[in-house]
Structure formats: C-alpha cells, structure tokens
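Shown next, in structure tokens, is the structure this report addresses.
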Amino acid sequence: MANPLKIVVAGPIPRDTISTYENDIIMRYGCVTHPVIALSKLLDTNGVVIPVSNIHKKDSDGIANEFKEFSNVNLAGINSKKDRGTVILLDFKDQNNREEKQLACMNPIRPKHIKKYLDAAAFVFVPITDFEISLSTLKYIKKHSEATIIFDAHGATTAMDVKGHRHRKFWVDQDEWLPYIDVLKMNLEESQCMSFSNEYDTEIPSIYDDNATAHLDELALHVLKKGVSYFYVTMDSRGCILFQLENDQLKKDWIASIKVSKVVDTTGCGDSFAGGLAYGFAKYNDPVKAGQFANILGARRTQGKDWDVFKTAEETEAIRVDNYGS
C-alpha cells in the first residue's frame, strides 16, 4: 500500500542562470527544486519528498545546500555517479517568453533510479528536454506500483540542437507514452505541439498563439481515451482547464488563476504547478482541488527570487479558501 504522504519528484536539477525581463540576474538550482521545496513546506512533518535526479559531481554540494533547511527532503535519489547533469541559460524577453540554451545533457532517469521508491503515493515527472525521462521508467512504475504518475509535457515537447539551443518539437510518439501517464499537464503552447496535421502544404503555422484553443477538446478526447485520467492545460495568468471523461463524455472544469499584483520571475512556475497537482492527489485524491493547489503554487513561484514564496499547508489552504471557497 502506498504511503499517502510520500511524493517522488523526478527530473533535472539544472544549474540555472536567469536573466529576468527586468534585467535582474538570478543564479540557482531549478526545475525539480521548485516542486520539492513547495511540497516540503506543505507536507512538513506529515510526509517526505524525494527528489530523483542525475547531476554533475561538482554540483553535489550546492544542491545539497539548496535543500539543507528542509528536513523532510530525502536526498538519496540524487545521483552523480555518471557526472552528467544539466546547465541552463534563460534570457527572458518578457515575463512569459524567453530564449533558452542548454550546455549539458543529464543522464536519463531509468527504472533503476526509482525502484526503491515504489511505495510512494505519487511520482511527479518534470523533464525539461525530451531525453531526460526514459519511457521504460513509466512502464516500470505502472507494473510495480500503485502510485499516481503525474507527467509534465514540457520535456516531451522540447529538444536541444548540437549548439545547445532549445526548440519546440512535435510530440510525435505521444501514443507510446499516454497509457503510462495518470495525470498529464502542459501549457497551451505545448498542447499545440501535440496537435499536428498529417501533412502541411508549404509552411507549418506558428504555435505561439495564446488564442488558439479550438484544438483542445479533440486533443483532450484523444489523450483521455489513450489512458490518461486527468488532463490539465494551463493558460498562463488566466488559470487552467481540467479535462476528464464522465460516462464516456468529455467534462471540462475551468479553474481560475490566483491573482498576483506583480510578477517577479516565472521560472519554475510549471514545475511548481506539477507539485501542486501531486499534493492535491496524494492528500485529497480530488482533481479539482489538485488544480487549485497547482494554480496556487504556480502563482506563488512568481512572487520572489527565493523559497519564501512557498507557504505552509495552513497558509496555502487559507489562500485556496479565499480564492475558491471551501
């Protein structure tokens, strides 16, 4: 039986250098770090969070230092044996759009890296590039564990070229992955990377369109019929849409965003959102509440440059009730 308060977060822990849209420079360890620390504060003495990542040896001390204040974070899943981690440069042009460069390729997470944690309530996968999570890892969890598998599509829709530049890509082999994912999360841009034509006439249309939502219902039906139970599409500051099947019919719930007065830094918002989903499913097994907590953690991440943006369970629940009611 799964421990309802043990959550695994798997993916890279990149050494990030971030130039914000206000020209501030932030240097920190990112990706997995965001949901792990958010979940650590939410679970406190009632649970444990296990980051699973492959890193550079020279980052071991810095990453350990990042987590040292959080006593319920178990670092046994962080591995530097292959000395292959992740290094990222992010240059924000505005608060949502950025240019990215990747200077190192993480050793992919395979079944051997997660097999000790199969009693977890949830596995949260937050890859940022398409090679970081092996499909065999999801298959292994499905076969050997009762855990909920939460997957962020950011990695599956992103590739790096031989110069380190990061680009959007179509998730062409999505049907190989979907049967092994319980909860799928992505943003609107990434959803367009899953909706592609059989053939284009002369030019492929741009996916950078905040108003392109006509494809979502058809995409959601496809995703859900392939085995995903809950499908979330985030819409930046507007909130998110939760899709699920009810009596074989598509059911949609709009979960409004948490309003903030000023955005400081959006790096890690999607990762934090995934952490909120894990908390909602592991503690409440409630997809709507999960979306609410996800919105809260994503919004809180924008509010500063350090980890004080994330709050305790009591404080976070108060935010949820203030915004969504009981």
Side-chain angles (χ1 to χ4, degrees), residues 6-18 27-37 48-68 70 73-90 100-120 122-145 147 149-167 169 173 176-177 180-181 267-268 271 274-275:
K6 178 185 283 187
I7 298 174
V8 174
V9 183
I13 304 179
R15 190 187 328 131
D16 283 344
T17 301
I18 305 160
M27 300 182 72
R28 65 171 174 230
Y29 291 100
C31 193
V32 161
T33 312
H34 300 281
V36 166
I37 291 176
V48 62
V49 192
I50 304 168
V52 173
S53 189
N54 295 322
I55 65 171
H56 281 119
K57 290 180 179 178
K58 67 182 179 182
D59 289 322
S60 296
D61 290 344
I63 288 171
N65 187 62
E66 199 79 65
F67 293 118
K68 69 178 182 181
F70 306 99
V73 175
N74 179 346
L75 300 183
I78 297 178
N79 172 25
S80 64
K81 290 180 181 177
K82 297 289 186 181
D83 196 22
R84 283 176 53 193
T86 308
V87 179
I88 298 286
L89 305 179
L90 301 174
E100 304 181 12
K101 194 165 187 180
Q102 185 163 344
L103 302 178
C105 299
M106 184 189 82
N107 188 36
I109 293 172
R110 297 185 173 90
K112 65 181 180 180
H113 298 121
I114 53 85
K115 65 181 182 180
K116 292 190 292 187
Y117 311 116
L118 295 174
D119 63 335
F123 282 84
V124 187
F125 290 97
V126 284
I128 61 172
T129 316
D130 56 0
F131 54 78
E132 290 165 341
I133 306 297
S134 168
L135 176 56
S136 62
T137 303
L138 302 193
K139 290 181 176 180
Y140 186 82
I141 295 169
K142 272 289 186 183
K143 183 176 181 179
H144 298 286
S145 174
I149 298 175
I150 299 162
F151 192 84
D152 188 333
H154 184 72
T157 58
T158 306
M160 65 175 285
D161 65 23
V162 293
K163 295 288 187 180
H165 299 293
R166 294 168 53 76
H167 305 281
K169 62 180 280 286
D173 64 342
E176 296 291 314
W177 292 75
Y180 303 99
I181 296 169
T267 310
D271 305 316

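These values consider heavy atoms only, across backbone and side chains, with no hydrogens, waters or symmetry-generated copies.
- Listed by chain and residue number, nothing satisfies the side chain to side chain donor-acceptor pair (under 3.5 Å) test with D16 (two or more places apart in sequence, or in another chain).
- The shortest distance between side-chain heavy atoms of T86 and E132 falls below 4.5 Å.
- T137 places no side-chain N or O within donor-acceptor distance of the main-chain N or O of I133, the cut-off being under 3.5 Å.
- With sequence neighbours excluded, the residues that form a side-chain contact (heavy atoms from CB on, under 4.5 Å) with A159 are D130, K169.
- When the side-chain contact (heavy atoms from CB on, under 4.5 Å) test is applied to K163, the partners found at least two apart in sequence or on another chain are D161, H165.
- In this structure, the side chains of F151 and P127 come closer than 4.5 Å at one or more pairs of heavy atoms.
- Here the side chains of M160 and C105 are in contact, with some heavy-atom distance below 4.5 Å.
- Judged as a side chain to side chain donor-acceptor pair (under 3.5 Å), and not counting sequence neighbours, N74 has no contacts.
- For the pair S80/D59, no side-chain contact is recorded, criterion being any heavy-atom separation below 4.5 Å from C-beta on.
- For L89, the side-chain contact (heavy atoms from CB on, under 4.5 Å) partners at least two apart in sequence or on another chain are T17, K101, L103.
- Using a 30° and 60° split on the angle between ring planes, Y140 and H144 fall in the tilted class, from 30° to 60°.
- In this structure, the side chains of F67 and T33 come closer than 4.5 Å at one or more pairs of heavy atoms.
- The backbone N or O of K142 sits nowhere less than 3.5 Å from a side-chain atom of S145 that would complete a donor-acceptor pair.
- Looking at K116 and I50, their side chains never come closer than 4.5 Å, going by heavy atoms from C-beta outward.
- Residues passing the side-chain contact (heavy atoms from CB on, under 4.5 Å) test with P35 are V9, D271, sequence neighbours excluded.
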